[in-house]
Amino acid sequence: MSRLAKGRLPKQSEDFPSWYVEVVKQAGMAEHGLAKGTMIIKPHGYAVWEYIQRALDDRFKATGHANVYFPLFIPEKLLAREAEHVEGFAPELAVVTHGGGEVLEEPLVVRPTSEAIIWTTYGKWMQSYRDLPLLYNQWANVVRWEKRTRLFLRTTEFLWQEGHTAHATLDEAQEEVLRMLDVYREVAEDVCAVPVLAGRKTAAEKFAGADTTFTIEGLMRDGKALQCGTSHNLGQNFSKAYDVQFLNRDGEQEYAWGTSWGLSTRMVGGVIMTHGDDKGLRLPPAIAPVQVVVVPIYKSDDERSGILEVAGKMRDALAGNGVRVRLDDRDQHRPGFKFSEWELKGVPIRIEIGPRDVASDQVVCVDRVVGDKRQLATSEAIASMASLLDGVQRALYEQATAFREANTHEVSSYDDFTDGIEEQGGFWVGGWCGDPACEAKVTEDTKATIRLLPIEREDPGEACLVCGKPGLERATWGKAY
RNA sequence: CGGGAUGUGGCGCAGCUUGGUUAGCGCGCGGCGUUUGGGACGCCGAGGUCGCCGGUUCGAAUCCGGCCAUCCCGACCA
């Protein structure tokens with residue numbers, strides 16, 4: 001809000017970071033907490049998260065998972081058992097050393113993720129292959145002491161779900177990993193209208209403790225990539241670290257095969273940066289807390305009561321059809337103010353009802369995505385609202401997809417690549433020899449990273465973009481949040 | 001961790017260089033009235049230990065010292 005005219009946002013194209021922060025605040029999504037890097041999620045932001053939660057949770061249940069809850073605190077020693085895991089997370093742990101006014105004998109770590117506590121417990125829950133698979137998820141908060149934080153995108157404490165499963169075979173585990181990756185893809189694309197690429201992380205980018213990490217990656221409107229969700233094949237790393245064995249069909253003790261997968265409140269940031277424009281948020285109807293706002297327009301008190309009555313009927317009719325509708329009957333604001341405010345908050349469709357409309361039994365209907373104003377008969381507005389909302393949902397997805405396609409480039413020359421990614425951002429696809437040194441060189445030269453590789457390795461059919469040796473993988477590079 | 005800022009009613013800021021009596025302004029908030037088809041206006045009103053601690057001084061938002069906290073950029077980041 002500082003240095004800005006009243007109620008104005010910075011232009012997205014001129015200062016994306018400022019635009020983002022101001023949209024988050026002005027739209028009432030979130031604000032900074034008192035401790036560094038923490039976030040207060042406000043009603044509008046939390047409601048969006050709740051719709052994402054519900055979409056995920058329904059799919060988790062439909063794929064055979066149940067919810068559980070594990071404790072926030074983890075004995076420090078427990079975390080240390082998986083070497084790569086502890087090394088990966090050690091720098092960003094919050095550790096509790098005091099409790100009840102006394103120094104704790106053993107410090108407690110505030111979970112940065114729950115593999116340690118869950119795998120310790122899973123050992124008690126399985127005896128034989130008949131107990132498997134264990135298919136559990138938890139909705140929780142986790143804490144990672146990041147140096148650099150941003151509302152929704154990287155906060156010290158964040159909300160997420162973490163699925164943790166144990167299987168009798170590697171094949172089953174791998175199937176699970178890809179099944180949940182696809183759930184993420186579906187929720188991102190069909191619910192959040194955020195087109196994503198699904199793929200596999202390089203060794204350098206994978207989760208600390210996983211054999212393989214899979215990811216969905218979106219492309220934000222500033223040309224930077226956002227990792228929206230990850231699904232990990234843990235192999236037997238955690239079962240070995242926490243000694244989790246079961247008796248297999250052949251009567252032998254075997255370490256269980258694990259997966260974990262998570263999607264966080266970061267996704268809300270992804271929605272904001274994928275769809276938002278200079279006027280503010282544009283929320284996909286599937287996750288919009290308010291899908292339709294009805295704004296009454298009147299000049300006198302006499303008009304007011306009549307208009308509000310008609311507007312109230314419109315609200316009731318839409319609500320009766322299952323539409324999330326709000327009648328903005330605040331008398332202290334004029335229509336123009338309300339228009340701007342609801343646009344800022346990203347409401348997909350606005351209905352205006354004034355004296356002229358009442359006289360002719362129609363309403364003005366304005367679409368947040370295309371922005372066109374049209375007059376509809378009252379009955380038609382009610383009857384067609386579901387399809388109008390579908391249209392907005394589809395239009396957002398199509399616009400975002402078109403943006404990503406326009407900003408995805410096949411490249412074979414290293415100079416074209418480094419110049420291009422510097423100037424335009426976006427996804428750059430080319431060959432990679434598989435050598436971590438080449439991967440690191442790109443990051444050093446451009447700050448870009450390999451966002452993903454195909455789920456199954458593909459022959460790129462061309463040389464490594466960096467060193468010119470035969471390509472082993474088809475890599476997608478990008479600068480990321 | 002490096003660099004740059006900031007801390008003054010709910011929010012955004014000014015005042016500090018050059019110390020001085022009731023610490024201002026805009027927005028917002030409450031009341032009344034006029035307004036209402038793209039961010040209305042008038043009048044009245046409420047609201048502040050000037051981040052914290054100490055020092056200098058007759059007197060500190062202002063000068064000095066220390067501390068704390070947050071934000072931004074970067075490095076780091078499953």
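To find a chain, count down the sequence lines: A is the first, B the second, and so on, and within it residues start at 1.
- Looking at residues two or more places apart in sequence or on another chain, you find a side chain to side chain contact (heavy atoms under 4.5 Å, CB included) between A:K299 and A:E303.
- Partner of A:E473 under the salt bridge (Lys or Arg N to Asp or Glu O under 4.0 Å) criterion, out of A:K201, A:R457, A:R200: A:R200 alone.
- Under the 4.5 Å side-chain criterion, counting only non-hydrogen atoms from C-beta, A:V48 is in contact with A:M29.
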Output field dot_bracket for RNA chain B (Watson-Crick or G-U, both distances under 3.5 Å, | for other-strand pairs) contains (((((((..((((......[...)))).((((((.....)))))).....(((((..]....))))))))))))....

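- Contact annotation for A:V295: no contact, since no heavy-atom pair falls under 4.0 Å across all strands.
- Under the side chain to side chain donor-acceptor pair (under 3.5 Å) criterion, the residue pairs touching residues 73-98 of chain A are A:E84-A:K206, with sequence neighbours excluded.
- Among the atoms of the strands shown, none is found under 4.0 Å from any heavy atom of A:T113.
- With sequence neighbours excluded, the residues that form a side chain to side chain contact (heavy atoms under 4.5 Å, CB included) with A:A210 are A:F207, A:T213, A:H232, A:L234.
- Aromatic ring centroids of A:F417 and A:W477 lie under 6.0 Å apart.
- In this structure, A:F238 has its ring center at least 6.0 angstrom away from the ring center of A:W257.
- Across all strands, A:G88 comes closer than 4.0 Å to no nucleic acid atom at all (heavy-atom distances).
- With distances taken from any side-chain atom of A:K373 to the nucleotides B:G39, B:C77, B:G38, the minimum falls on B:G38.
- Note on A:E352: a base of the nucleic acid sits closer than 4.0 angstrom, heavy atoms only.
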For nucleotides 69-72 of chain B, which of its nitrogen or oxygen atoms have a protein nitrogen or oxygen under 3.5 Å away, and what is each distance?
residue, atom, partner, partner atom, Å
B:U70, OP1, A:K36, N, 2.6
B:C71, OP1, A:G37, N, 3.4

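- Heavy atoms of A:R304 sit nowhere under 4.0 angstrom from any nucleic acid atom.
- Base engagement by A:W160 is indicated by at least one non-hydrogen atom pair under 4.0 Å involving a base atom.
- The side chain to side chain contact (heavy atoms under 4.5 Å, CB included) search around A:A203 returns none, not counting sequence neighbours.
- Residue A:R334 places at least one side-chain N or O closer than 4.0 Å to OP1 or OP2 of B:A40.
- Heavy atoms of A:Q227 sit under 4.0 angstrom from at least one base atom.
- OP1 or OP2 of B:A75 sits under 4.0 Å from a side-chain N or O of A:K447.
- Residue contacts for A:E343: at a heavy-atom cut-off of 4.0 Å it reaches a base atom on one of the strands shown.
- Across all strands, A:F214 comes closer than 4.0 Å to no nucleic acid atom at all (heavy-atom distances).
- Surrounding CZ of A:R326 are at most 12 heavy atoms belonging to other residues, nucleotides or ligands under 6.0 Å away.
- Note on A:K201: nothing from the nucleic acid sits closer than 4.0 angstrom, heavy atoms only.
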